[in-house]
Amino acid sequence: MELTTVLTESKVLRTRLRDAGFTIVAEPGDRPDVVATDFRERAAVRSGAPVLAWVDTGSLPAAIRSGARGFLQGEVSTGTVRRAVLTVAAGGVFFGPDLLTTAVGGTWCGLTGREREILRLLAAGRSTADLARHLVLAPKTVRNHLTRIGGKLGQRGHAELAAFAAVLEKGAES
């Protein structure tokens with residue numbers, strides 16, 4: 001089943017989303033599959049639907065912390081818009097061209113060196129116990145690190161954080 005309804009308040013995004021073949025809904029109560037927002041202008045509309053954010057490098061950290069699942073920057077192709085909406089609607093994480101490099105390469109959301117190391121190990125599939133043994137830390141300390149990382153990245157729970165970390169790590173390798 002292909003999801004096709006998107007809520008947005010931006011006239012520019014509305015046109016781009018229609019060009020990509022999506023139906024635009026007017027109100028959060030219309031139960032959109034995705035909310036698309038221009039994070040450079042304002043935060044996302046609350047609707048319970050996953051958020052696709054148009055960002056610049058300055059607004060990327062805030063968009064990530066807000067819980068947005070997709071990130072696009074500037075002028076991107078209709079195909080990229082389509083892939084982003086469908087990925088986010090399906091529960092995935094999507095970074096547009098160059099944004100993943102920006103996210104992985106910087107300290108964009110205040111992660112410490114240790115937190116970045118834990119995130120990389122988490123992306124490699126390590127459990128909390130494995131992380132504790134590898135880093136010579138108590139499991140509770142690892143859980144505390146994971147909670148702080150999750151708070152900084154807007155991710156909830158170990159599984160969601162691990163999935164997000166895997167997407168970041170995969171992008172860093174390419």
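FYI, the numbering just counts along the sequence from 1. What you see is a predicted model, and the numbers here were worked out from it, not measured in a lab.
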Chemist: Any chance you could measure Ile118, atom CD1, to His134, atom NE2, to the nearest 0.5 Å?
Modeler: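 Interatomic distance, Ile118 CD1 to His134 NE2, rounded to 0.5 Å: 10.0 Å.
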Chemist: Looking only at non-hydrogen atoms, find the nearest pair between Leu72 and Thr80 and report the distance.
Modeler: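 Smallest heavy-atom distance, with atoms named: CD2-CG2, 3.8 Å.
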Chemist: Rounded to the nearest 0.5 Å, how far apart are CZ of Phe22 and OG1 of Thr78?
Modeler: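 Interatomic distance, Phe22 CZ to Thr78 OG1, rounded to 0.5 Å: 10.0 Å.
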Chemist: I need the minimum non-hydrogen distance between Phe94 and Ala84, along with the two atoms involved.
Modeler: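 That closest heavy-atom pairing would be CD2-CB, 3.5 Å.
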Chemist: Ile149 and side-chain contact (heavy atoms from CB on, under 4.5 Å): which single residue from Leu119, Leu122, Asn144 fits?
Modeler: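 Testing each of Leu119, Leu122, Asn144 against Ile149, the sole residue satisfying side-chain contact (heavy atoms from CB on, under 4.5 Å) is Leu119.
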Chemist: State whether the side chain of Arg82 and the backbone N or O of Ala20 hold a donor-acceptor pair below 3.5 Å, judged by distance alone.
Modeler: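 Yes: the side chain of Arg82 pairs with the backbone of Ala20.
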Chemist: Do Thr5 side-chain atoms and Thr23 backbone N/O form a donor-acceptor pair below 3.5 Å?
Modeler: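 Side chain of Thr5 to backbone of Thr23: no pair is present.
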Chemist: Counting C-beta onward and ignoring hydrogens, is there a side-chain heavy-atom pair between Arg16 and Glu75 closer than 4.5 Å?
Modeler: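 Arg16 reaches Glu75 side chain to side chain.
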Chemist: Ion pair present between Arg133 and Asp130, side-chain N to carboxylate O less than 4.0 angstrom?
Modeler: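 Looking at Asp130 together with Arg133, the answer is yes, because their closest N to O distance falls below 4.0 Å.
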Chemist: Looking at every heavy atom in both Ala36 and Trp54, which two are closest together, and how far apart are they?
Modeler: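 That would be CB-CZ3, 4.1 Å.
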Chemist: With side chain to side chain contact (heavy atoms under 4.5 Å, CB included) as the criterion, how do Leu17 and Thr8 come out once you've worked through the C-alpha distance, each side chain's angles and the decisive distance to 0.1 Å?
Modeler: CA-CA 9 Å; Leu17 292 158; Thr8 187; 4.0 Å; yes
Chemist: Give, for atom CG of Leu52 and atom CG of Asp33, the distance between the pair rounded to the nearest 0.5 Å.
Modeler: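 Rounded to the nearest 0.5 Å, the CG-CG separation comes out at 12.5 Å.
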Chemist: So, the side chain of Ser59 versus the backbone of Asp56: is there a donor-acceptor pair under 3.5 Å, distance only?
Modeler: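 Yes; judged by distance alone, with no hydrogens or angles, the pair exists.
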Chemist: Measuring from atom CZ of Arg69 to atom OG1 of Thr87, what distance do you get when rounded to the nearest 0.5 angstrom?
Modeler: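 That separation rounds to 11.0 Å.
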Chemist: Do you know the tightest heavy-atom contact between Val85 and Val34?
Modeler: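 So the minimum-distance heavy-atom pair works out to O-CG2, 3.7 Å.
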Chemist: Can you confirm whether His145 sits close enough to Leu131 that some side-chain heavy atom of one is under 4.5 Å from a side-chain heavy atom of the other?
Modeler: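 His145 vs Leu131: side chains apart.
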Chemist: Could you tell me which non-hydrogen atom of Phe71 sits nearest to which non-hydrogen atom of Val55, and how far apart they are?
Modeler: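 Heavy-atom minimum between the residues: CB-CG2, 4.5 Å.
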Chemist: Out of curiosity, Leu146 CG to Glu115 CD, how far, rounded to the nearest 0.5 Å?
Modeler: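 Between Leu146 CG and Glu115 CD, I get 9.5 Å after rounding to 0.5 Å.
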Chemist: Within this structure, what is the OG1-CG distance for the pair Thr128 and Leu137, rounded to the nearest 0.5 Å?
Modeler: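 Rounded to the nearest 0.5 Å, the OG1-CG separation comes out at 11.5 Å.
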Chemist: Over all heavy atoms of both residues, which pair between Thr37 and Leu13 is shortest? Give the atoms and the distance, please.
Modeler: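 What the structure gives for the nearest pair is C-CD1, 3.6 Å.
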Chemist: Under a 4.0 Å N-O cut-off, is there an ion pair linking Arg114 with Glu117?
Modeler: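 Salt bridge flag = yes for Glu117 with Arg114.
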